[in-house]
Amino acid sequence: MKEILQYIDQNIGGYIEELKEFLRIPSISTLSENQKDINRAAEFVASKLKSAGMNHVEVIKTEGHPLVYAEWLGAPGKPTVLIYGHYDVQPVDPIELWNTPPFEPTIIGDKIFARGATDDKGQMYMHVKSVEAFFKSTGSLPLNVKFLIEGEEEIGSSSLSSFLKQNADRLKCDAVLISDTSLFAKGVPTLTYGLRGLAYMELEVVGPNRDLHSGTFGGAVANPINILASMISKMIDKNGKILIPGFYQDVLKLSAEERKNFKLLKFSEKTYAKELGVKELSGEKGYSTLERTWVRPTLDCNGIIGGFTEKGAKTVLPSKATAKISMRLVPYQDPEKIARLFTKFVKKIAPKSVKINVTSLHGGSPFVAPITHPITKAAARAMEKSFGKKCVFMREGGSIPIVVEFEKILKATPVLMGLGLNSENLHSPNEHFDLNHFQLGIKSSAYFLSELAE
Ligand code: BES
Ligand code: MN
Ligand code: MN
């Protein structure tokens, strides 16, 4: 390992330059006008995998955005690791809140600022470089490695999902290594063993057949915005319980042991609230903040559209209003079942004076795994060696829907070795990535390959 670690230290400057080049590509998956950049990002990843030393590097066309695949199977008898990540990024709006241009990566102190820096280009790139360090300093890898990098993670991974089902043989592996989550805190080696799932709904309330003068008609016809607001308020009670019948039916109860383990983690609700600029935290009664975000489901309105939203005043009764509502799910809730229960519930609480349209936009299953698997233990040793500290285990509030499919279809063990921080503004202006973590992550990845090979 010594020569590999040395190689990483000697070349880190060049790695950062390459990461900057990658971050300059605005590969926003949700915007069709960025299609060219999506393709460029896929080509970039493919070319770097090739120059790292991987074989059979391929940019695979799909119905959506291309996948990048590569393999090196030169260690027969040894385990196989599939490395997954995503090259697509979120939109940059509101652009005026960025202190530096989102696609002009800028280093300030130890941090690199750009859209995708931590989610997920910077994290994904760590593995490309760890593999390269092996090839360049020892000529080979200690085990078999496959890379599968997608461009649709931020929009639901639908092409990857079909590809997985059709190529399960080719993708066969023992472990799936993913760096697309966060450390518990700066400098603390962390493995994540649970993710929440998601059911994302759109709820449209339709009233009169056109916008109406709010004076002449006000009081006589239902206002879709008022109705929508009152419907939303019926979804959660004052204790933070979600009122959709059957919603909690499949929720895995928090065990006494897990509750105890969470309490052992050094976490201050006060600091957390302060950092977010809120006077007081809020959530489901009877649960701590970590429990609320890691093991309890939620329902949140993400956006609400309707009526007059320009400057000034216009007296109008809008003919319709829409809300985007997401529910974060926990094991073993099923996103399709939850979408059905949601639809049934809103239809029941809607008054006759309006029409309701409910659409399910996308969903993903929650994930949780025991932390006792030998592969997980190898990952913990790897992070401990890289950081020189004890590894902590945590769950996470965010979602990576494809993880469960890796587990089910490939029957492989997911390893969530995230090096980001939840304070690094993912999906938000001024996204950044700590370059110390970038370097530690390359080393953790290298240690993991070597630990698993043994
Ligand atoms: N990398 C994130 C998930 C994540 C966020 C993990 C924070 C750990 C900490 C991923 O790219 C993401 O944003 N996922 C979406 C999934 C959705 C679009 C289906 C999410 O959680 O909103
Ligand atoms: Mn991500
Ligand atoms: Mn993301």
Side-chain angles (χ1 to χ4, degrees), residues 22-23 27-31 41 45 64-65 83-92 102 114-127 148-161 176-186 188 190-202 290 293-294 297-300 302-303 324-330 335-336 338-339 360-368 393-406 414-429 431-434 437 441:
F22 191 17
L23 290 170
S27 44
I28 304 170
S29 47
T30 197
L31 303 178
V45 174
H65 300 326
I83 296 169
Y84 161 82
H86 63 95
Y87 65 77
D88 65 320
V89 301
Q90 287 281 346
V92 297
R115 172 56 87 229
T118 185
D119 185 14
D120 177 45
K121 286 173 170 171
Q123 294 206 53
M124 184 264 274
Y125 208 58
M126 301 180 312
H127 301 295
L148 184 58
I149 310 297
E150 71 157 319
E152 292 178 11
E153 197 278 339
E154 302 291 9
I155 52 170
S157 301
S158 77
S159 300
L160 175 57
S161 177
V176 182
L177 176 60
I178 305 172
S179 292
D180 191 25
T181 51
S182 294
L183 298 171
F184 181 66
K186 199 177 154 114
V188 178
T190 309
L191 287 170
T192 296
Y193 66 95
L195 294 164
R196 285 198 288 193
L198 184 70
Y200 202 116
M201 312 295 293
E202 199 167 271
L290 292 183
T293 54
W294 292 354
T298 61
L299 182 150
D300 276 294
N302 294 239
K324 302 203 181 255
I325 295 174
S326 72
M327 290 163 281
R328 292 285 168 173
L329 310 179
V330 299
E336 280 168 25
I338 293 296
S360 167
L361 295 186
H362 60 72
S365 295
F367 164 76
V368 70
F393 287 87
M394 70 173 214
R395 284 169 71 167
E396 167 58 52
S399 312
I400 312 175
I402 204 70
V403 169
V404 170
E405 298 195 39
F406 281 134
V415 174
L416 299 173
M417 186 186 274
L419 272 289
L421 288 173
N422 284 346
S423 57
E424 287 180 329
N425 289 3
L426 42 167
H427 296 203
S428 159
E431 179 176 349
H432 55 278
F433 187 32
D434 187 319
H437 293 154

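Whatever order the structure lists ligands and atoms in, that order sets their numbers, starting from 1. One is the number of the first residue; the rest follow in order along the sequence. Side chains included, hydrogens not; waters and symmetry mates left out as well; all remaining heavy atoms used. Quick caveat, the model's predicted, so the values are computed rather than measured.
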Ranking G418, S399, S157, S29 by closest non-hydrogen atom to atom 16 (C) of ligand 1, top hit is S399

How close do S157 and E153 get, heavy atom to heavy atom, and via which atoms?
-> OG-CA, 3.6 Å

heavy-atom search around atom 4 (C) of ligand 1 in the protein gives D180 O, 3.8 Å

Short N/O distance, under 3.5 Å, between E396 and ligand 1?
-> no

Can D300 and S326 be counted as having a side-chain donor-acceptor contact under 3.5 angstrom?
-> no

At a 4.0 Å threshold, what atoms of ligand 1 neighbour a non-hydrogen atom of L426?
-> 5 (C), 7 (C)

Taking all non-hydrogen atoms of both residues into account, name the closest pair between Y84 and I149 and its distance.
-> C-CD1, 4.2 Å

Under 4.0 angstrom from ligand 1, any heavy atom of D120?
-> no

Say whether S399 and R328, considering side chains only, have a donor N or O and an acceptor N or O under 3.5 Å apart.
-> yes

Which of the numbered atoms in ligand 1 are below 4.0 angstrom from a heavy atom of N422?
-> 7 (C), 9 (C)

Test item: side-chain donor near acceptor, S161 and E405, under 3.5 Å | yes

Side chains of E396 and Y193: donor-acceptor distance under 3.5 Å anywhere?
-> no

Looking only at non-hydrogen atoms, find the nearest pair between F184 and T190 and report the distance.
-> N-OG1, 2.9 Å

Excluding waters, which are neither shown nor counted, protein N/O/S atoms under 2.8 Å from the Mn ion (ligand 3) come to 4

Is it the side chain (CB and beyond), the backbone, both or neither of Q90 that lies under 4.0 Å from ligand 1, heavy atoms counted?
-> neither

By number and element, which atoms of ligand 1 are closer than 4.0 Å to a non-hydrogen atom of L198?
-> 17 (C), 19 (C)

One finds that the ligand 1 atoms under 4.0 Å from a non-hydrogen atom of H86 are 11 (O)

Just distances here: any N/O of D119 and N/O of ligand 1 closer than 3.5 Å?
-> yes

Ignoring hydrogens and angles, state whether a donor on the side chain of D119 or H427 is under 3.5 Å from an acceptor on the partner side chain.
-> yes

Looking only at protein heavy atoms, identify the closest one to atom 11 (O) of ligand 1 and say how far it is in Å.
-> E153 OE1, 2.7 Å

Could you verify whether a donor N or O on one side chain and an acceptor N or O on the other, from S423 and K186, lie under 3.5 Å apart?
-> no

Side chains of D88 and H65: is there a donor and an acceptor less than 3.5 Å apart?
-> no

Contact (N/O only, under 3.5 Å) between R328 and ligand 1 | yes

Which of E431, Q90, H432 passes side chain to side chain donor-acceptor pair (under 3.5 Å) with R115? It is E431

Out of H427, E154, Q123, indicate the one that has the non-hydrogen atom closest to atom 18 (C) of ligand 1.
-> E154

Going by the order shown, which atoms of ligand 1 are within less than 4.0 Å of some heavy atom of T181?
-> 6 (C), 8 (C)

Atom of A41, atom of S27 and distance for their closest heavy-atom approach | CB-CB, 3.7 Å

Numbering as shown, the atoms of ligand 1 that approach P401 to under 4.0 Å (heavy-atom distance) | 19 (C)

With a 3.5 Å cut-off and no angle check, do the side chains of H437 and Q123 form a donor-acceptor pair?
-> no

